[in-house]
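To start, the structure itself, in structure tokens.
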Amino acid sequence: MMKYIQNIQMLNEQGELVSTSITIENKVIANIGGEQPDGAEVIDGNGCFVSPGFVDLHVHLREPGFEHKETIETGTKSAAKGGFTTICAMPNTKPVPDSIENLNLIMGLIEESAVVRVLPYGSLTVNEAGEKRTNIAELKEHGAVAFSDDGIGIQLSSTMYEQMQDAAKIDAVVVAHCEDNSLIYDGVMHEGIRNKELGLPGIPSICESVQIARDVLLAEAAGARYHVCHVSSKESVRAVRDAKAAGIRVTAEVCPHHLLLEEMDIPSDDANWKMNPPLRGKSDLDSLHQALLDGTIDCIATDHAPHTEEEKCCGMVGAPFGIVGFETAFPLLYTNFVITKKWTLKQLVDWMSVKPAEIFDLPYGKIEVGGSADLTIIDLNKEQTIEIEKFESKGRNTPFNGWKAKGWPIMTICGGNVVYEEVINEK
Ligand SMILES: [Zn+2]
């Protein structure tokens, strides 16, 4: 079956929007800018923008084990609605993908119910317990996209070092949630100004930055490729910048919320503002922006982390860390940073599609003839209020409820299949 998308705007090499058409045949892009082929199903883009489908290196789908928070079905529907076509699922599920058996089980569930492409991580340690190392070569052979114990930092340097040595042998990427357990101090938000005003325990920035500093040195010694999750502080940015300058093979991601919010924005002891790492100070936020623009930080990842309302209802202490991210990422970033001319549209697309695919050597994230037909059609002029009641995700935990934003995905195509289409109300 062929599809012909007509009347759409695509970015050219110079970052300008140009009108074009795209022909899809057998899951791949067969032609760009060509005539309508006979017998093709025609999709009218109505002059909207077409982006390569977004690629998210950092998401939590909660299944298996925590289906009350999210399932692979609801999580991937949420991803599709947000314009994501390839997502990498973190291994803090039950069971953890720490063996071939568990990885196969998870891949079977993905096969059954995912509506977009889900690439599972393998864990770095058995049961993410930080002790016994997993066999990452074996896990990679069976389909693990990369390796991480996301949710917790690897405390023992030797464990990290030895897994990096194994990863280097097979050219796998070690991905790290950096958190030194001895520096958490039972904190629930950033150790700064606002936590004192609210009387809540703080997590200092060094909790993250010292482990990044350790890891880049381990990566250098092991010759490994190392990717830092959700960089949140200026000291962490400096550690990554220095490592890159030294030629260490490090890449890094930042989350939309760390670019949009800082500690003083937290209105009250509300767990919808609780995430790990926490929202830090204004100088940290500024440093993250600078790092994206100068290439120290390579890409944007949502860290989509759904939880139930019951879990998030009763203040920061006791609530789990994390917020949902798929359905708000693009409109929030587009509205706050592209419309305001801080970034170009091309930069945003690079950070959400091109770069994340490159970091994991994935054949996605670009619109090119012969490439997978992963496309997100976005109405850049459409303005709408974020309403948690309308989320596809089971998670309603976000600080962005009620925010107005422009630039909403109206159709998402993954491997040539329409996986999300906006329901147009009859007028
Ligand atoms: Zn994490």
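Counting starts at 1 for both ligands and their atoms, following the listed order.
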Any side-chain hydrogen bond (donor to acceptor under 3.5 Å, both in side chains) involving residues 394-403? Give me the pairs, sequence neighbours left out, ordered by first then second residue.
->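 Matches after skipping sequence neighbours: none remain.
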
Verdict with supporting geometry, Arg214 and Asp180, salt bridge (Lys or Arg N to Asp or Glu O under 4.0 Å) | CA-CA 10 Å; Arg214 176 200 74 175; Asp180 183 321; over 6 Å; no

Under 30°, 30 to 60°, or over 60°: which ring-plane class applies to His304 and Phe326, parallel, tilted or perpendicular?
-> parallel

Check whether the side chains of Asp284 and His258 place a donor and an acceptor atom closer than 3.5 Å, and report yes or no.
->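 No, because no side-chain N or O of Asp284 sits under 3.5 Å from a partner of the opposite role on His258.
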
Do we see a donor-acceptor contact under 3.5 Å between the side chains of Glu67 and Thr71?
-> no

The Zn ion (ligand 1): which protein N, O or S atoms are under 2.8 Å away?
-> Asp150 OD1, His177 ND1, His230 NE2

Are the charged groups of Asp294 and Lys244 less than 4.0 angstrom apart, N to O?
-> no

